[in-house]
Amino acid sequence: MIEFFGILHWNDYSEIRPTPYEDVDTQFVEDCARAHEEAGFARVLIANSAHRPDSLPIATWAAAATSKLGFMLAHRPGFIAPTMAARMFAMLDRMSNGRCAVHIITGGDDEEVKADGDYTTKEQRYRRSHEYVEVMRKAWTSPAPFDHAGEFYTIENGFAHVRPDVRPESGGTIPIFWGGSSEASLDYGSRVADVYAFPGFAAQALRAPAQDVRERAKRQGRSMELLTSLRVLCADTEAQAWERAHAMQDQLIAEVVDNGRFAALPGETRTTTIARAKDECTRDALAGRLWAGITRVPTGRPALGCLVGSHDQVAEALAEYHELGFSKFIISGYDAIADARLFGAELMDRTRTRCAA
């Protein structure tokens, strides 16, 4: 079954405008969650990093404003005990009537995790995340107090009075998402994840790793669903989609030129600097319909390549991923609420129809 996920921030953040990180807009959280629910999204991802707000309060607030929308909470193991995390997620799951899922973010950047005081190696972090999930599942399923003696955690009489809603499809526990492209990530993720998440590369670039992780899981007697995350910019016609894409690019380039991030070459004016920057960014495209024009503008804000085209063209592009085994898609635009509604009205059913053909 094909499922679409959106993204939920704590304010109206977008790559194309510098919304202050410190702003917390609870009305936006409610409105954005409701828009995704009404559009037919299965879940929203609430992301995580060493500097972001914690995902659990955002999900709790959004859950109170919705009745069907699920939540995919990005969570970084290693900073609280897995037994405590298990109880936190179980409580959200029960209070939301079974709408919680956890996306394990191990952290591939050694420098970034030091901001939270973590000086472990990448290999150590993946081993720790694997054990962390094992302990959480024990807390979610054990009918009596349990002990655990592992490399990173020693637990005596661990127990949770409140456990998640029963889900046969994930062994009776909260679904676990796992992401990464390293050997360690593929190895440990194939052992514990219900869904493996890949970044939004061109479809054919994901063929080999997608097959690899599913074969690893199969060798251990497990099945594995696949997810990829993509920015999407679509319109009634391809020309309209590219018009919007280039307008956003022009806006961002003007911003960074004025801030001195695109340095003028000798003899250049502001106009010629912008023209050069636009040319540099526009000609850098990825395979298929993936366009990298936004990602090459140095705004300092995270950005992803995006699928650009008409609704039919983007649906066809998503169907290419489905042919490789992907059944779950995080699709997000540049205007969270308006694009969620657009995708619900014009893109999601088109994609399902193409994938069923």
Side-chain angles (χ1 to χ4, degrees), residues 6-25 28 31-32 47 49-53 109 111-112 115 199-202 205 229-311 313-314 317 330-343 346-347:
I7 294 179
L8 180 63
H9 292 286
W10 63 96
N11 61 32
D12 192 12
Y13 166 84
S14 174
E15 292 96 327
I16 63 170
R17 57 180 175 272
T19 304
Y21 278 119
E22 63 269 19
D23 287 358
V24 176
D25 188 341
F28 171 80
D31 293 344
C32 190
S49 75
H51 303 120
R52 287 175 179 264
D109 185 338
E111 294 305 312
E112 189 245 348
F201 298 145
S229 177
L230 295 153
R231 284 287 184 271
V232 171
L233 198 160
C234 57
D236 291 338
T237 68
E238 182 178 17
Q240 289 172 338
W242 281 112
E243 181 180 1
R244 184 183 174 201
H246 289 138
M248 290 192 304
Q249 184 192 62
D250 291 348
Q251 169 195 328
L252 289 178
I253 289 174
E255 174 191 324
V256 300
V257 166
D258 289 341
N259 288 331
R261 293 179 188 153
F262 263 118
L265 297 177
E268 279 191 345
T269 65
R270 180 179 184 277
T271 299
T272 56
T273 301
I274 288 175
R276 172 175 58 84
K278 181 178 178 181
D279 180 63
E280 290 174 1
C281 293
T282 300
R283 67 171 178 251
D284 190 1
L286 303 179
R289 295 209 155 268
L290 275 174
W291 178 63
I294 296 291
T295 71
R296 299 300 185 253
V297 185
T299 62
R301 300 187 288 275
L304 299 172
C306 66
L307 293 174
V308 180
S310 70
H311 305 306
Q313 288 170 329
V314 172
I330 299 176
I331 55 171
S332 57
Y334 298 95
D335 189 333
I337 293 176
D339 283 335
R341 290 170 176 159
L342 177 66
F343 299 157
E346 301 291 350
L347 180 61

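In what follows, every heavy atom counts, from backbone to side chain, and hydrogens, waters and symmetry copies are set aside. Heads up: numbering here begins at 1 and tracks the sequence.
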**Q** Yes or no on side chain to side chain contact (heavy atoms under 4.5 Å, CB included) for Val314 and Leu347, after CA distance, side-chain angles and deciding distance?
**A** CA-CA 8 Å; Val314 172; Leu347 180 61; 3.8 Å; yes
**Q** Working to the nearest 0.5 Å, report the span between CD of Gln240 and CG of Leu233.
**A** 11.5 Å
**Q** State, yes or no, whether a side-chain contact exists between Ser332 and Phe343 at a heavy-atom distance under 4.5 Å.
**A** no
**Q** So which atom in Leu8 and which in Cys32 form the shortest heavy-atom distance, rounded to 0.1 Å?
**A** CD1-CB, 3.7 Å
**Q** Where the side chain of Glu268 meets the backbone of Leu265, is there a donor-acceptor pair that is under 3.5 Å apart?
**A** yes
**Q** Give, for atom CD1 of Ile7 and atom CD1 of Ile331, the distance between the pair rounded to the nearest 0.5 Å.
**A** 10.5 Å
**Q** Got Phe262 and Ile274 here, is their nearest side-chain heavy-atom distance under 4.5 Å?
**A** no
**Q** From Cys306 SG over to Leu230 CG, what is the distance, rounded to the nearest 0.5 angstrom?
**A** 9.5 Å
**Q** Mind checking what makes salt bridge (charged side-chain N to carboxylate O under 4.0 Å, His left out) contact with Asp25, not counting sequence neighbours?
**A** none
**Q** In chain order, what residues pass the salt bridge (charged side-chain N to carboxylate O under 4.0 Å, His left out) check against Arg270, with sequence neighbours excluded?
**A** Asp258
**Q** Just by modelled atom types, is the Ile16 backbone N or O under 3.5 Å from a matching donor or acceptor in the Gln251 side chain?
**A** yes
**Q** Please collect all salt bridge (charged side-chain N to carboxylate O under 4.0 Å, His left out) contacts where either partner lies in residues 331-343, sequence neighbours excluded, each pair once.
**A** Arg244-Asp339
**Q** Do Glu238 and Ser310 pair up side chain to side chain, a donor and an acceptor below 3.5 Å, judged on atom types alone?
**A** no
**Q** Assess whether side chain to side chain contact (heavy atoms under 4.5 Å, CB included) is satisfied between Met248 and Leu252, documenting all intermediate values.
**A** CA-CA 6 Å; Met248 290 192 304; Leu252 289 178; 5.6 Å; no
**Q** How far does CH2 of Trp291 sit from CG of Leu307, to the nearest 0.5 angstrom?
**A** 12.5 Å
**Q** Where do Tyr334 and Ile294 land on the side chain to side chain contact (heavy atoms under 4.5 Å, CB included) test, with the steps shown first?
**A** CA-CA 11 Å; Tyr334 298 95; Ile294 296 291; 4.0 Å; yes
**Q** Can you see which heavy atom on Ala241 is nearest to which on Gly309, and at what distance?
**A** CB-O, 3.4 Å
**Q** Would you find a donor on one side and an acceptor on the other, under 3.5 Å apart, between the side chain of Glu346 and the backbone of Asp236?
**A** no
**Q** Please identify each residue that fulfils salt bridge (charged side-chain N to carboxylate O under 4.0 Å, His left out) with Glu243, with sequence neighbours left out.
**A** none
**Q** Tell me, please, which residues at least two apart from Asp31 pass side-chain hydrogen bond (donor to acceptor under 3.5 Å, both in side chains).
**A** Gln27
**Q** Taking the side chain from Asn11 and the backbone from Asp23, do they hold a donor-acceptor pair closer than 3.5 Å?
**A** yes
**Q** Side chain to side chain contact (heavy atoms under 4.5 Å, CB included), that's the test. Do Glu22 and Trp10 meet it? Break it down for me.
**A** CA-CA 9 Å; Glu22 63 269 19; Trp10 63 96; over 6 Å; no
**Q** So does Val308 get a backbone contact from the side chain of Arg289, meaning a donor-acceptor N/O pair under 3.5 Å?
**A** yes
**Q** For Ser229, what residues pass the side-chain hydrogen bond (donor to acceptor under 3.5 Å, both in side chains) criterion, not counting sequence neighbours?
**A** none
**Q** Does the Thr273 side chain pair with the main chain of Thr269, one donor and one acceptor, at a distance under 3.5 Å?
**A** yes
**Q** Asn259 side chain to Arg261 main-chain N or O, any donor-acceptor pair under 3.5 Å?
**A** no
